[in-house]
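Here is the structure we will look at.
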Amino acid sequence: MNADLSTQAADATPARTAEPGAPGKIIAVHLNYPSRAAQRGRTPAKPSYFLKPSSSVAATGDTLERPAGAELLAFEGEIALIIGRPTRRASPAEGWAAISGVTAANDFGIYDLRTADKGSNLRSKGGDGFTPLGPRVIPAAGLDPAALRVRTWVNGELVQNDTTADLLFPFGQLVADLSQMLTLEPGDVILTGTPAGSSVVLPGDVVEVEVDAPDAAGAPSSGRLVTTITAGTEPFGDFGSKPAVDDLQRIEAWGSEDEHAAAVAAGRASALEGAQAAQPASVLTEEIKQQIAGVAVATLSVALRKRGYHDIFIDGVFSNHPGARMIGTAKTLRFIPFRPDLFASHAGGFNAQKVAFDTVNPGEVLVVEARGQRGTGTVGDVLALRAQVRGAAGIVTDGGVRDFDAVAQFDIPVFSQGAHPSVLGRKHVPWEVDVTIACGGAAVQPGDIIVGDGDGVIVIPPQLLAEVVAEAAEQERQDAYVAEQVAAGESVDGLFPMNAAWKARYSEWLAQQ
């Protein structure tokens, strides 16, 4: 590897690249991508860091040994910033100018040693070969720091794909923050965080990371940084802490309980051992409820569409309480078209409709499939009152509501197609509960997250909740900033959406909040 990295990168033109050399120091950011923060269930207000030794640097094509006795070796594809000049007390607006180039990095870590590190990450992330860099440096001149992309492949499958457009802490801010307390020297490297998708790799796996600027002239790329995982044979001695894992470490290393379960099914992971396996925690935590309370359905829909989810609106429904918000976990009820014999066999006694309203739990939203038939009631005052007494977070039906005025007097929000006086048997047979249904054109499964406001009702798959809410919350912050500038007389040209200059001003504003 080339030891004169900073000089080569600083002198290079945008068409040239250099090989990364040995840095003086490596500084890594804990959390920076909204998608990763959402996975972790926390969004930091300010950046935090840890150091990695220069001896951890490796080159493309090198192998990385998973230590004997360790289970959870995880990759983290990242963008590495290379400092091009001595930098002390830079401002966020000046920070990017201190960067001579960017390249691909892989911030490998052993979760089995996190407890032993007590937060330092020295052993878990500082081992020989645990920081592959390269293979080429993209000169920073002419790059938009908010238009870079990082991708990671494992055994040829794309597992990480994100851009720097919505970082929690833009690159200029990182340089400014670090340079308040220490001088950044030419050749120093800043690892800027990993997006969602980081997971565990096993001996024999091949991990590739690439950083590029797809919209820049010539679409410059670092090339693929390739690392092959091997199995270590030398056991840890008794004179220090040894690898140790628990269920929490397994879940965090693999990314989520669902991803861990899939790995177990594929024979790539050990099963959970404790209570977490039997009683997984709800994804709709109080922290996420507080985050989502200030996020509009419209903003959530943008984050979902970016992930390929388009048919997630329950179309045609509105609330009986103007301005009401609804957040909860879906419980489902399905009606089928009316038929006399089926109505006779299924509509009497403690039928599916009554079961649903009598068993809905606190915090759940009862979602009713009425096939868009608004010409009859699917909810009345007695059942709505029962749901409210049970602590339900709301009711959604793509049909009508009987006793509409009476129901409107209750506290529980009810989203429907409006009022209709007819009884259930005119159109429907109550059929089953707690199954996958179609409501207002959207598929809804028990456990999905339901959010409603004046714009309507949206369905969020639970595995996407944390990352979608984190991204949407940041978008709301940006929108509020833009609105503040427009109210102060600024033109929307370059502000909505924000160009690089406005993003830098926004970063400074955010740092002061």
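Excluded from the calculations below are hydrogen atoms, water molecules and symmetry mates; all remaining heavy atoms, backbone and side chain alike, are included.
A pairwise comparison of heavy atoms in V444 and C439 identifies CG2-CB, 4.4 Å as the closest pair. Summarising the geometry of G447 relative to T329, their closest heavy-atom pair is CA-CG2, 3.4 Å, with the distance given to 0.1 Å. Contact detail for A393 and I327: the closest heavy-atom pair is CB-O, 3.4 Å. G126 approaches P53 most closely through the heavy-atom pair O-CG, 3.4 Å. For the residue pair S35 and A196, the shortest heavy atom distance occurs at OG-N, 2.9 Å.
Of the N and O atoms on the side chains of T152 and Q160, at least one donor lies less than 3.5 Å from an acceptor on the other residue. At a cut-off of 3.5 Å, with distance as the only test, no side-chain donor of E78 or T194 sits close to an acceptor on the other residue. With hydrogens and angles left out, the side-chain atoms of D177 and Q173 include no donor and acceptor closer than 3.5 Å.
Interatomic distance, L304 CG to L465 CG, rounded to the nearest 0.5 Å: 9.5 Å. Distance OG1/T131 to CG/N106: 9.0 Å, rounded to 0.5 Å. Rounding to the nearest 0.5 angstrom, the gap separating the OG1 atom in T228 from the CG atom in D205 is 9.5 Å. Taken from CZ in R66 to CG in L72, the straight-line distance is 8.5 Å, to the nearest 0.5 Å. One finds the CD1 atom of I292 at 10.0 Å from the OG1 atom of T285 (value rounded to the nearest 0.5 Å). To the nearest 0.5 angstrom, I26 atom CD1 is 6.0 Å from L133 atom CG.
A salt bridge does not link D117 to R114: none of the charged side-chain nitrogens sits closer than 4.0 Å to a carboxylate oxygen. Salt-bridge annotation for E76 and K125: present, with a side-chain N of the basic residue lying under 4.0 Å from a carboxylate O of the acidic one. Salt-bridge check for E286 with K289: passed, with a basic side-chain N closer than 4.0 Å to an acidic carboxylate O. Ion pair D107/K52 flagged as a salt bridge, since at least one NZ, NE, NH1 or NH2 atom sits closer than 4.0 Å to an Asp/Glu carboxylate oxygen. A salt bridge links R250 with E71; the closest basic N to acidic carboxylate O contact falls under 4.0 Å.
At least one side-chain heavy atom of L143 sits under 4.5 Å from a side-chain heavy atom of P220. You'll find the side chain of R123 reaches within 4.5 Å of the side chain of S241, heavy atoms only.
The aromatic rings of W254 and H260 sit perpendicular, their planes meeting at an angle over 60°, well past the 30° parallel limit. Using bins of under 30°, 30° to 60° and over 60° for the plane-to-plane angle, the ring pair W96/F171 lands in the parallel bin.
The local environment of CZ in F236 is crowded, with over 12 non-hydrogen atoms from other residues, nucleotides or ligands closer than 6.0 Å. With a 6.0 Å radius and a threshold of 12 heavy atoms from other residues, nucleotides or ligands, D311 has its CG atom at or below the threshold.
Between the side chain of D188 and the main chain of K25, a donor-acceptor pair closer than 3.5 Å is present. A distance-only check finds a donor-acceptor pair linking the side chain of E476 to the backbone of A296 [under 3.5 Å]. Between the side chain of N32 and the main chain of F169, a donor-acceptor pair closer than 3.5 Å is present. At distances below 3.5 Å, at least one donor-acceptor pair connects side-chain atoms of T164 with backbone N or O atoms of P145. Between the side chain of D128 and the main chain of S56, no donor-acceptor pair closer than 3.5 Å is present. With hydrogens and angles disregarded, no donor-acceptor distance shorter than 3.5 Å links the side chain of S199 to the backbone of G255. Side-chain atoms of D112 never come within 3.5 Å of backbone atoms of A244 as a donor-acceptor pair (strictly under, hydrogens ignored). A donor-acceptor contact shorter than 3.5 Å links the side chain of R88 to the backbone of S179. One N or O on the side chain of T60 and one on the backbone of V226 form a donor-acceptor pair closer than 3.5 Å. The backbone N or O of P170 sits nowhere less than 3.5 Å from a side-chain atom of S507 that would complete a donor-acceptor pair.
Aromatic ring centres of H30 and F50 lie closer together than 6.0 Å. Two rings, from F75 and F108, have their centers 6.0 Å or more apart.
Residue pairs meeting the salt bridge (charged side-chain N to carboxylate O under 4.0 Å, His left out) criterion with at least one member in residues 145-167, sequence neighbours excluded: R149-D212, R151-E210, R151-D212, D166-K306.
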Derivation of the salt bridge (Lys or Arg N to Asp or Glu O under 4.0 Å) call for D144 and K503: CA-CA 11 Å; D144 179 355; K503 284 181 178 179; 5.8 Å; no
Is there a side-chain hydrogen bond (donor to acceptor under 3.5 Å, both in side chains) between T299 and Q475 once you walk through the steps? CA-CA 7 Å; T299 308; Q475 187 60 56; over 6 Å; no
